[in-house]
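Beneath this line is the structure, given in structure tokens, with notes to follow.
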There are 2 protein chains.
Amino acid sequence: MSKEKTDQLNRSIIEFYDRLSAWENNVVRNKDYSLAQIHTLEVLGTYGSLRMKELAEKLGITTGTLTVQVDKLAKAELVERIPHESDRRSFLIKLTETGHQLYLEHDALHLKLTEKISQSLTETEAQTLVSCLKKMNADF
Amino acid sequence: MSKEKTDQLNRSIIEFYDRLSAWENNVVRNKDYSLAQIHTLEVLGTYGSLRMKELAEKLGITTGTLTVQVDKLAKAELVERIPHESDRRSFLIKLTETGHQLYLEHDALHLKLTEKISQSLTETEAQTLVSCLKKMNADF
DNA sequence: CTCTTTATTTTGACAATCAAACAAACTACC
DNA sequence: GGTAGTTTGTTTGATTGTCAAAATAAAGAG
């Protein structure tokens, strides 16, 4: 791909990321749970139960930070620590029923946003977009 | 678009956002400036000089938070407050030469990432992707 | 069995954030 | 003009999020 095209793609990605990021901030403000907490639920909902280390990696934070975050979420009964079956050093962090409910609520907002911003795409464009995103996610 | 396809698109977007977000966190950790600060420079570099309110909106934070952030950036001489020409309540927040330099440095990392994750896209796919992103950015 | 590596927690210090209250400047309407 | 209401940015006080480094505990290697 030409330098110029990559540059254009880069711009568009950054702008898209910025907008999504601002949207997340605003959606979460004045709610009962913070962005960091909702984001944690979001990742758990998306990827399923994860170990501390895996979860921290997906969130881009250290395990130290995550420990206190999970403490809070566990106290609020949104999440529970399940002892790992074969590694006694580890837990699986798992959404509780309530946590999963909250995740679904937040996800519904995402879905509404996705509907809104994809409205002007044609069927084929949307198709290609999904396949591009999947490829990119795989190459991260 | 079918419910199912929108849902698939939603999933892909969320996953893409999560990955990018974790990447940003990791790129910035152990550097001289925090994610919030780099993000501010990034937005200023992308959109040019902005007023406090506009900048806060693009960042998804309140103007109160931004005031202290801009104070720090101004102290580090990455940014300066230019009095607004027609509204004496306002400033334009503008990257200094050093600030712009730092923005370019960070942007280069983004570009490298974009190259990496777009490697397996065909020329046409990339073309469509850019046009999709642009449309979506416009409809946010 | 000892040493090293890995997973998680704890700690102490600092940074980011918000909501609410404020001051200054703008706008619109009489 | 003058005044009432709005907008813009700052300050304040409290809370939350974050990291690096050190501690703990288990797993794995030799």
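In the text below, chain A, chain B and the rest are named by the order of the sequence lines, each starting its count at 1.
- Here the range on DNA chain D touched by chain A, meaning any atom under 4.0 Å from one of its heavy atoms, is dT16(D) to dA27(D).
- Among residues two or more places apart in sequence or in another chain, the side-chain hydrogen bond (donor to acceptor under 3.5 Å, both in side chains) test is passed with Ser49(A) by none.
- For residues 111-127 of chain A, every residue pair satisfying the salt bridge (Lys or Arg N to Asp or Glu O under 4.0 Å) rule, not counting sequence neighbours, is listed here: Glu123(A)-Lys5(B), Glu125(A)-Lys135(B).
- Residues from residues 46-59 of chain B placing a heavy atom under 4.0 Å of any atom in DNA chain D, listed by number, are Arg51(B), Met52(B), Lys53(B).
- Looking at residues two or more places apart in sequence or on another chain, you find a salt bridge (charged side-chain N to carboxylate O under 4.0 Å, His left out) between Lys3(A) and Asp7(A).
- Grouping the Ile, Leu, Val, Met, Phe, Trp and Tyr side chains by contacts below 4.5 angstrom, directly or via other members, places Leu55(B) apart from Ile14(A).
- Annotation: salt bridge (charged side-chain N to carboxylate O under 4.0 Å, His left out) contacts of Asp18(B) (sequence neighbours excluded): none.
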I'd like a table of atom pairs between the protein and nucleotides 15-18 of chain C - only N or O on both sides, under 3.5 Å - with the distance next to each one.
| from | atom 1 | to | atom 2 | distance (Å) |
| --- | --- | --- | --- | --- |
| dA16(C) | OP1 | Ser34(B) | OG | 2.3 |
| dA16(C) | OP2 | Lys72(B) | NZ | 2.3 |
| dC18(C) | OP1 | Arg29(A) | NH1 | 2.0 |
| dC18(C) | OP2 | Thr62(B) | N | 3.0 |
| dC18(C) | OP2 | Thr62(B) | OG1 | 3.2 |
| dC18(C) | OP2 | Thr65(B) | OG1 | 2.8 |

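- A salt bridge links Glu15(A) to Arg19(A): one of the charged nitrogens lies within less than 4.0 Å of a carboxylate oxygen.
- Salt-bridge annotation for Asp71(B) and Arg81(B): present, with a side-chain N of the basic residue lying under 4.0 Å from a carboxylate O of the acidic one.
- Contacts between residues 73-92 of chain B and DNA chain C, defined by a heavy-atom separation below 4.0 Å, involve Ser86(B), Asp87(B), Arg88(B), Arg89(B), listed by number.
- Rounded to 10 degrees, the angle between the two end axes of the helix from dC1(C)-dG30(D) to dC30(C)-dG1(D) is 30°, with five pairs used at each end.
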**Study point:** Pair Ser120(A)-Asp139(B), side chain to side chain donor-acceptor pair (under 3.5 Å): steps then yes or no
**Key:** CA-CA 8 Å; Ser120(A) 50; Asp139(B) 284 339; 2.7 Å; yes

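- With 3.5 Å as the limit, one finds no donor-acceptor pair spanning the side chains of Gln69(B) and His39(B).
- Applying the salt bridge (Lys or Arg N to Asp or Glu O under 4.0 Å) definition to pairs two or more places apart or across chains, none involves residues 34-49 of chain B.
- The aromatic ring centres of His106(B) and Tyr103(B) sit 6.0 Å or more apart.
- Note: Phe140(B) and Phe16(A) have perpendicular aromatic rings, judged against thresholds of 30 and 60 degrees for the angle between ring planes.
- Other residues, nucleotides and ligands place more than 12 heavy atoms under 6.0 Å from the CD atom of Gln119(B).
- Residue Leu92(A) belongs to a hydrophobic cluster whose other members are Ile82(A), with links defined by side-chain heavy atoms closer than 4.5 Å.
- Contacts classified as salt bridge (Lys or Arg N to Asp or Glu O under 4.0 Å) and involving residues 99-110 of chain B (residues at least two apart or in different chains) are given here: Arg11(A)-Asp107(B).
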